[in-house]
Structure formats: structure tokens, C-alpha cells
Amino acid sequence: MRSELMEARLAKLARLRELGINPYPYGFHRTHTVDRLLEGFDARMEQEAVAVCGRLMALRPMGKATFAQLQDPGGRIQLYLKKDEIGEAAYEVLSLLDLGDLIGVHGVPMRTRTGEATVRATRLEVLCKSIRPLPVVKEKDGQVFDAWEDTGERYRRRHLDLILHPQTRRVFEVRAHTVRALRAFLDDRGFLEVETPILVAIYGGASARPFVTHHNTLDQKLYLRIAEELPLKRCLVGGIERVYELGRVFRNEGMDRGHNPEFTLLEFYWAWADYREAMDLVEEMVRAVALAAVGTLELEWRGERIDLALPFPRLSMADLVREHTGIDPLHDDEERLRAFLRGHHVAIPAWASRGHLLEAIFDEAVQAKLLQPTFVIDHPREVSPLAKVHRDQPDLLVERFELFIGGVEFGNAFSELNDPVDQRRRFEDQARRRDLGDDEAQAQDEEFLQAIETGMPPAAGVGLGVDRLVMLLSGASGIRDVLLFPHLRPEDGASPESVELEEEGASPESVAPEEEGARPESVEPGKD
RNA sequence: GCGCCGCUAGCUCAAUUGGCAGAGCAACUGACUCUUAAUCAGUAGGUUGAUGGUUCGAUUCCAUCGCGGCGCACCA
């Protein structure tokens, strides 16, 4: 049982207190992080007094001297603690340390006989006694022993993953740099960042099923937003001509290596521009962000080499389908399109129109093949209720593009529809579709329609999947690798009365109320 | 949601045709003042994911469930 290991640590903790040592002190004055200390290490040898602190990752006691490995965000360094030098009392403290403890050491840089950079300690301080053991991973000459690589556990106990795997930390540094670069790119071009509601009474701006929640005081059904689109367009109406939001949206759909229930979406709206200019900007932005975040345009992702330096071709969805299948999706008999999909075992709902069929064939036969960055343009009207009709083929198509890289969609954009009469008609069409069984059809948002009726400037609008961009730039193949705490199934599925609550406050009452009727009316009235 | 694979000590993994559940590391005790996967000697550590079934006997065979991974479907 694990508690036996913990008992040993708790006993040492008690002993430390007996010795008059506070195992949880208030801080430590560090002179160098490990990476800084290693820069110009030899010049400092036997000269400077240094102070380092971090997590104890290895202990090699040899009687009256002990070697240890200390890890901080800058890396690991060896410590040499001699009884002669730190004193009898400190050496007893040392014997009460475990792997995983946080310690601080004052000392002098030295090299061992084998040349390893080392801090010879003159003083030892306990900074935090760890009472829960962490997985022990050993390494020699780049070879790792007893690697801790249970993927699920790494997501579930991400703090351990971060301690044990520097490359995990790097992914989140890439993520931070990516987000910062996106903001910088847009800020530099006069875009204003805004924040709009996540809790909404009407969800819209995308085709997806929402999460449902409830406001107690108002006794109102609320949704978590599935897109940022509609409020940002109201900003356009209000005269914020360049506006963006970079935030979390929520879609109540399947989870796999490309999908998490909540994900980070960048949307920006650009007045007086159309989707072609938006493509120019997105292409430039992707390159700028890649250079800022990882310093290169040549990437490897899911086993494919991706070259962001290549011009992003702009190919119409219909042309791509024709090229890959021989079907002319705009002119061939609809039955031929249906037959193709049946042949590929794609379920086709009865209400599907030519546009839906075109999109379905594209998804089936083309999408996965678009490895290098490609703009797919000019989508069917029926699947794009917020896009402006195509200036050349207004009856069938809209002005829209999706950016594909590595066979995966990264972005979605239109020349935004600003004809209020048409917009209202399209919402009504969506409502009809909903009646026919399309549960992703968009609900009518009256506030949004009224804003559009006031007059929204012609504009391009772009949505970009930030998690996927981070995946591409960090080389991660799954979205869970770029989320610190991805959504997972609850750990203690089976016995409800199991006394196994242990860590991560798996409180039994925190179940998502799937049914409406299950709302507890009597919860803590007026806690505010 | 469907299919395939997996789940054994804190970690990484063994266990012949169904026959007393093991090793290394970590832990504990002892030795060791330049080690580095430290070494040496000893000790302890398990409801084999859960429940049920077949059997004299189940880690092993069967069923159901849980969790995870991969693939498919839906989406971004």
C-alpha cells in the first residue's frame, strides 16, 4: 500500500520538527537558476558563493558524504554534501530527506574528478518536505530507465508529468509564445481585443451542440458559448472596425485526439475587408506566429513534413472534389453524389441538399489529403449561414475559406453576411432545418439580427483553432498534449461508496446534471 | 457510440499447458568522505482494475462493468 511509503516520509517530517526545523519555511534567496549557473561555470569555480534551490531528484549517500541531483526550471545540477562541511546537524537533516523534497543549498561551484559541474554545499535548508512519493525515473547516457509514460496518468497527474518531463513544459512554453504572438500580430495591426460572454441565453455562430447550465436567481436556462462570432459582429456594428477575441468555447460533442469539450478559439473581424484579404492576413499570421513561437517554418507533424514557407494554394471545394473523385458536385445529378457517399458508407440524412452532399464528399474524399497548408474556398450556402453569397455564384456558394494543414482544419472564415434581410431569411431556413432533424442548425438570435439591421460594415471574419496551431508548432499529435488539464473521464467510476476520494477532490456531488429536472432548488439560498 | 489492444508492488516489467505471485528501482536497517542507473549485505512491500462464473485450484479460461490507448463515426 502506498501509505507505507508515506508513513516513512511523515515520520521524517516529525523528526525534522523535533530537531527544531521548520519543514515549510517562507522562502529562499536564490542567486542562480541551474541554467544560469552553468553558463560560465568554470569562471565561478571555487570563487563565488552561490545559492540554488529546487526539487531533489536523486540521492547517492556514501557514508559521510552524499551526492544529490537538484532540479529547477533551468535543469539539473549535482550537489556534493560533505559532513565535514555542512556540519553534523545538517547531515542528520540530509538523512531525513526524500526524493521530491524541495531544498535550498548554499555552496561553491566545483567539478568532480569526472568533471561534472557540482555545487559543494556549505549550508542546507529544507524548503518543503514532500510526503507523497513521485515516480522514480533514472537515466544514463540519454537512456531512460523505468520511464513514467502511462499517458492517462500523465494527463491526470500533470504536475508529475511536468516534474518528470522537461519536454512537457516546453509544449506549454510554445503554447504561451503562440498565444502571445497571435495577440501581438493582431494588436500591431490595430485590432482591439475584447471579451464577450461565455454564459449565453442563445448559442450561435457555429454548428455544434452546446453545454447547458442554469442560473438560479433568474431561473434561466443558459448555454456555454460555442463560438465568439455574434457578439464580435455587434462590435463591428458599434464601430470597432478591427476586433478580436481569444478565448475558450465549449462544444458538447465527441472527444478524440483532435477534440476536447472546451478549446481555445481565436476569432477576428476586419471591417472593409473580404475573405481574400483575410487569406493574405492569415497566411502572414501563421508564418509570423510560427517564427515567433518556434523559430522555424519547417515542421514535422504526425509523421508529415509541413512547410509553412510554401505559398498556401487557394482551391475551391468544388474543384477539389472534382479533381479527387471525378464528380462535378455543382452540375452532376444529386443522385450521383448520394451514390458516391453511399459507396463510402457515409450516412446521408434525408434533408441533405446538394450543398450538404458536396461538403460530405469533400470531408470523405479530399480533406485528409491536404497535407501542406491549403485554403479551401467557396463553400455551399447551406452549410454557411453566416457567410455572404459568392459574388460570382450567388445561388449556390458563399465566400468562405477553411485553412487545412496536415489534413486537419485549422481555420474557418467568410466574407461576413451583412444583408439583414438575407440574414433573417437564413436563420429561418436554419429553423426549418432544425425541425427536419438537424440538431446543429443555428437558433435565431434576435439581438444579433437587430444589430445587423442597424448596419454592419462589410467585413471579413476569421476563426482559428489555437490548440491545433499549438499542436502543429509543438509537434504534438493530440489535443490533450497541448492542454495542461484535458478533460478525462472521472477516475472512480465503479463503486460510489468506495472510500477512495484521495487526491484531486473527486467530490461525489459534482456530477453534471444531464437532466433538467435534476436541479436542486434548495441549495444555499442567498449565499451572497 | 462501434471495433481492437491493455490494466500484476510507489515506478518499469515477469510468471511455462490453469498449480504456493516474482525481479530491478524506490522504501526500511546496516557499511561506505568524488558518486552519478553509486555499490555491497539484509528486511519489508500485493484483494493481480471490479464483480460474477467454470474448476479441486484462476494473474492465466468465460461473461459483465470500469479506466486507458489506438482506429472508425461526428465535429473544430
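Chain identifiers are assigned alphabetically (A, B, ...) following the order of the sequence lines, protein sequences preceding nucleic acid strands; residue numbering begins at 1 within each chain. FYI, side chains are in, hydrogens and waters are out, and symmetry mates aren't considered; it's all heavy atoms of this structure.
- The phosphate of B:U35 has OP1 or OP2 within less than 4.0 Å of a side-chain N or O from A:Arg113.
- OP1 or OP2 of B:G68 sits under 4.0 Å from a side-chain N or O of A:Arg156.
- Listed pair A:Arg60 / B:A38 meets the phosphate criterion, a side-chain N or O lying under 4.0 Å from OP1 or OP2.
- Using a 3.5 Å distance cut-off with no hydrogens or angles, the side chains of A:Tyr155 and A:Asp481 do pair a donor with an acceptor.
- Here B:A38 presents its P atom at 10 Å from CZ of A:Phe145, a figure rounded to the nearest Å.
- Applying the 4.0 Å criterion to OP1 and OP2 of B:U12, one finds that A:Lys138 has every side-chain N and O outside that range.
- Under the Watson-Crick or G-U wobble criterion, with both distances below 3.5 Å, B:U43 is paired with B:A27.
- For A:Asp101 and B:A27, the CG to P distance is 11 Å, given to the nearest whole Å.
- Nucleotide B:C4 forms a pair with B:G69, judged by Watson-Crick or G-U wobble geometry with both contacts under 3.5 Å.
- Closest contact between the side chain of A:Pro135 and the listed nucleotides B:A37, B:G71, B:C11 involves B:C11.
- The side-chain tip of A:Arg287 points at the ring of A:Phe312 from less than 6.0 angstrom away and within 45° of straight on.
- Listed pair A:Arg480 / B:G69 meets the phosphate criterion, a side-chain N or O lying under 4.0 Å from OP1 or OP2.
- Nucleotide B:C28 holds its C1' atom 9 Å from the NZ atom of A:Lys12, rounded to whole Å.
- Note on A:Asp429 versus A:Arg426: no salt bridge recorded, every NZ/NE/NH1/NH2 to OD/OE distance being 4.0 Å or above.
- Relative to the side chain of A:Met62, the nucleotides B:U35, B:G71, B:C28 differ in distance, and B:U35 lies closest.
- Applying the Watson-Crick and G-U wobble criteria (two distances, each under 3.5 Å), B:U48 pairs with nothing in any strand.
- Base pairing analysis places B:U16 opposite nothing; no Watson-Crick or G-U wobble pair with both distances below 3.5 Å involves it.
- With a cut-off of 3.5 Å on both Watson-Crick or G-U wobble distances, the partner of B:U35 is given as none.
- Comparing B:C11, B:A37, B:C28 against the side chain of A:Lys140 picks out B:A37 as the nearest.
- Residues A:Met317 and A:Arg400 fail the side-chain proximity criterion, which asks for heavy atoms closer than 4.5 Å.
- Atom CG of A:Leu99 and atom C1' of B:C25 are 11 Å apart (whole Å).
- Here B:C61 sits opposite B:G53 as a Watson-Crick or G-U wobble pair (both hydrogen-bonding atom distances under 3.5 Å).
- Nearest heavy-atom pair, A:Leu56 versus A:Leu70, reported as atom, atom and distance to 0.1 Å: N-CD1, 4.4 Å.
- Under 4.0 Å is where a charged nitrogen must lie from a carboxylate oxygen, and between A:Asp84 and A:Lys64 no such pair does.
- The base of B:U35 does not come close enough to the side chain of A:Glu116 for any donor and acceptor atom to sit less than 3.5 Å apart.
- Taking the 5.5 Å centre cut-off and the 30° plane limit, the aromatic side chain of A:Phe67 is not classed as stacked on B:A38.
- A straight line from CZ of A:Arg9 to P of B:A26 spans 13 Å, rounded to a whole angstrom.
- Between A:Phe414 atom CZ and B:A76 atom C1' the separation is 12 Å, expressed in whole Å.
- Of the candidate nucleotides B:G45, B:U33, B:A26, B:G45 has the atom lying nearest to any side-chain atom of A:Glu4.
- For A:Lys82, counting side-chain heavy atoms from C-beta on, the closest listed nucleotide (B:U33, B:C28, B:U35) is B:U33.
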